[in-house]
Amino acid sequence: MDSIKVGLLGLGVVGGGTWKVLARNAQEIARRAGRSIEVTRIAVRDVAKAQQLVGTSVKIDADPQGLVRDPSIDVVVELIGGDTLALDLVLTAIDQGKHVVTANKALLAKHGNEIFAAASKKGVIVAFEAAVAGGIPIIKAMREGLTANRIEWVAGIINGTTNFILSEMRSKGTSFAAELAAAQALGYAEADPTFDIEGVDAAHKLTLLASIAFGIPVQFDKAYIEGISKLAAEDIEMAERLGYRIKLLGITKRRPEGIELRVHPTLVPKESMIANVEGAMNAVLVRGDAVGQSLFYGKGAGEEPTASSVVADLVDVTRLLTADPEHRVPHLAFQADAMADTPILSIDDVVTSYHLRMRVLDQPGVLADLTRLLADAGISIQAMIQQPRVHDKTAELIFVTHEAVERNINQAIASIEALSFVKSKVTRLRMESLA
Ligand code: NDP
Ligand code: HSE
């Protein structure tokens with residue numbers, strides 16, 4: 001049988017990894033796919049650099065538009081990134097009747113509805129395993145392996161760069177800037193690393209997971225996003241002392257009123273599995289009503305781990321080429337005409353536990369006033385710690401709350417900060433037991 005002809009858009013970290021894995025494991029891959037998978041054309045900006053990796057046997061040029069219109073190409077693999085040129089190229093490839101494999105979560109989180117609709121209309125596949133959690137086959141697991149379940153929630157460490165930074169800072173006491181530079185050198189970070197550190201990349205991925213979990217359209221614009229750039233070293237230290245670790249979590253949860261969709265630094269118990277996911281590793285915890293909790297763990301970024309997912313998609317596309325488009329696995333797990341319009345909840349409506357830290361004057365009545373204020377806001381206290389600072393007659397107070405509605409917490413924080421004996425802003429961190 002003829003080989004499948006692949007056009008590679010981009011030969012950077014992921015494109016280079018994809019080339020290497022396809023070359024190294026060509027025979028095994030062909031045995032699994034039933035046909036050889038052959039890269040016959042590559043588009044980059046710097047052709048000479050690409051030739052150093054690939055040689056001159058494959059056509060390499062700086063003409064991505066030519067590649068997506070090339071009638072000899074069966075599958076276009078988009079590994080350029082961004083959501084302008086990439087959007088145009090992906091839509092053109094679909095329009096040309098080509099299947100698409102992409103690792104581009106930014107593109108799908110913002111334009112996924114349009115792209116999947118165009119692909120369905122043309123009867124082509126858009127596969128995106130590499131777009132979420134790098135080498136972990138979480139899309140396939142949720143879309144196919146867990147189809148029996150009503151998914152209740154998904155929570156995960158889905159950005160390798162920030163997990164790497166937080167882990168290294170905690171274990172080595174190094175600086176944020178040094179660890180960001182290290183993550184960039186290792187090829188983990190996005191072209192614009194603010195996407196990583198401000199939680200945007202994790203929100204792109206979470207948006208896709210939420211769609212697959214709950215059968216809702218892709219709605220990145222409704223995600224609540226808070227990154228790690230405002231975390232202070234003392235937040236990390238304080239969490240440790242209290243038996244917690246801070247992780248940048250993406251959380252999406254089904255509630256009777258709607259769906260929570262949020263990315264933020266989160267305190268998790270130190271002994272929990274997710275707290276011990278370190279470095280650029282990712283982990284996604286899925287709770288389904290039948291299966292209970294399942295944890296998917298593995299490398300979330302980097303050259304070959306991500307290539308592993310890209311190539312798995314290429315094998316899937318190859319196997320599915322002969323299947324009637326109507327009978328393929330739906331892009332977002334649910335049939336296109338069976339999507340739900342369950343609303344995404346505002347962050348004000350989120351329900352979780354909180355760690356509130358503040359500095360107060362160490363004098364009679366302070367605790368009484370604070371606990372009364374929290375009680376009046378409907379917030380129940382789970383634990384409280386006071387650490388006196390003798391030199392300035394103040395004390396550091398930490399309240400750990402039971403689950404509360406975020407709106408009530410924010411109102412309580414505003415009232416607390418207005419009290420004359422409160423001498424700092426209130427540091428608020430959300431907490432999850434993930435039980
Ligand atoms: P890189 O920056 O390493 O590579 C981008 C590639 O695209 C380069 O080969 C570049 O060519 C090429 N390119 C960029 N613009 C153009 C253009 N206008 N015309 C032709 N070629 C172009 O990116 P990554 O490999 O890291 O990321 C690729 C995608 O994979 C992104 O969507 C990213 O979010 C996603 N991803 C990345 C992961 C990672 O660990 N790095 C993990 C999971 C997903 P040249 O080299 O000549 O400039
Ligand atoms: N920048 C991303 C990360 C790459 O650090 O997780 C993998 O998607």
Side-chain angles (χ1 to χ4, degrees), residues 3-23 37-112 114-116 118-119 122 124-132 134 187 190-192 195 201 204 208 301-318 331:
S3 61
I4 289 289
K5 307 287 189 293
V6 174
L8 213 50
L9 294 168
L11 196 73
V13 174
V14 185
T18 300
W19 169 265
K20 288 182 203 166
V21 172
L22 277 174
I37 297 176
E38 192 187 353
V39 176
T40 53
R41 185 165 173 176
I42 300 173
V44 290
R45 283 175 300 208
D46 184 341
V47 173
K49 188 179 78 181
Q51 280 171 338
Q52 282 171 13
L53 175 67
V54 168
T56 49
S57 59
V58 175
K59 178 173 180 178
I60 307 179
D61 59 28
D63 180 17
Q65 297 287 355
L67 187 153
V68 294
R69 290 184 169 80
D70 182 337
S72 72
I73 301 286
D74 301 307
V75 187
V76 169
V77 179
E78 185 279 305
L79 300 171
I80 282 183
D83 64 356
T84 45
L85 175 62
L87 175 63
D88 184 34
L89 293 172
V90 164
L91 289 176
T92 307
I94 292 170
D95 191 53
Q96 297 285 312
K98 299 185 193 311
H99 303 283
V100 173
V101 172
T102 180
N104 193 335
K105 53 270 166 154
L107 174 70
L108 294 179
K110 286 172 79 177
H111 304 286
E114 179 189 357
I115 289 171
F116 296 132
K122 273 283 180 179
V124 297
I125 301 163
V126 174
F128 56 97
E129 185 65 69
V132 182
E190 294 303 302
D192 177 355
F195 273 37
D201 176 72
H204 287 149
L208 296 169
E303 198 182 22
E304 293 206 3
T306 312
S308 167
S309 289
V310 172
V311 175
D313 275 347
L314 276 170
V315 172
D316 256 4
V317 170
T318 307
H331 291 115

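Counting from 1, the numbers follow the sequence of the chain as shown. Excluded from the calculations below are hydrogen atoms, water molecules and symmetry mates; all remaining heavy atoms, backbone and side chain alike, are included.
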- Task: Determine whether V90 and L107 make a side-chain contact, defined as any pair of heavy atoms from C-beta on separated by less than 4.5 Å.
- Result: yes
- Message: Looking at H99 and I125, would you say the former's side chain and the latter's main chain have a donor-acceptor pair under 3.5 Å?
- Response: yes
- Message: Please check this pair: side chain of H331 against backbone of V126, looking for a donor-acceptor N/O pair closer than 3.5 Å.
- Response: yes
- Item | V68 versus Q96, closest heavy-atom pair with distance | O-CG, 3.4 Å
- Item | K59 side chain vs T40 backbone, donor-acceptor pair below 3.5 Å | no
- Item | Positive for side chain to side chain contact (heavy atoms under 4.5 Å, CB included) with L85, one of L89, D83, L87 | L89
- Quick one: pull up CD1 in I60 and CG in L67 and give me the separation to the nearest 0.5 Å. 11.5 Å
- Short side-chain donor-acceptor distance under 3.5 Å, N104 and T102: no
- Rounded to the nearest 0.5 Å, what's the gap from CG on L8 to CD1 on I42? Could you check? 5.5 Å
- Just checking, is any N or O donor in the side chain of S309 or E129 under 3.5 Å from an acceptor N or O on the other one? no
- Message: For the backbone of V54 and the side chain of Q51, can you confirm whether one donor and one acceptor N or O come within less than 3.5 Å of each other?
- Response: no
- For the pair T306 (side chain) and G302 (backbone), establish whether a donor and an acceptor sit closer than 3.5 Å, ignoring hydrogens and angles. yes
- Consider only side-chain N and O atoms of D88 and Q65, and report whether a donor and an acceptor are under 3.5 Å apart. yes
- For E303 and P305, indicate whether the former's side chain and the latter's backbone hold a donor-acceptor pair under 3.5 Å. no
- Measure the CD-NE2 distance between E190 and H204 for me, rounded to the nearest 0.5 Å. 8.5 Å
- Less than 4.0 Å between a side-chain N and a carboxylate O, is that true for K5 and D70? no
- Do L22 and L314 touch side chain to side chain, with heavy atoms closer than 4.5 Å? yes
- Item | Within-4.5 Å side-chain heavy-atom neighbours: T92 and R69 | yes
- Message: What verdict does the salt bridge (charged side-chain N to carboxylate O under 4.0 Å, His left out) test give for D74 and K98, after you've listed the backbone C-alpha separation in whole Å, the side-chain angles of each residue and the deciding distance to 0.1 Å?
- Response: CA-CA 6 Å; D74 301 307; K98 299 185 193 311; over 6 Å; no
- Task: Using the six-membered ring wherever Trp is involved, compare the ring planes of F116 and F128 and label them parallel, tilted or perpendicular (cut-offs 30° and 60°).
- Result: tilted
- Message: Minimum heavy-atom separation for V47 and A62, please, with both atom names.
- Response: CG2-N, 4.0 Å
- Could you tell me which non-hydrogen atom of L79 sits nearest to which non-hydrogen atom of G15, and how far apart they are? CD1-CA, 3.5 Å
- Note on the structure: dist D313:CG -> T318:OG1 (nearest 0.5 Å) comes out at 10.0 Å
- Message: Taking the side chain as everything from C-beta on, heavy atoms only, tell me whether R41 gets closer than 4.5 Å to I73.
- Response: yes
- Message: I'd like to know if the side chain of T18 pairs up with that of K20 as donor and acceptor (distance under 3.5 Å, no hydrogens or angles considered).
- Response: no
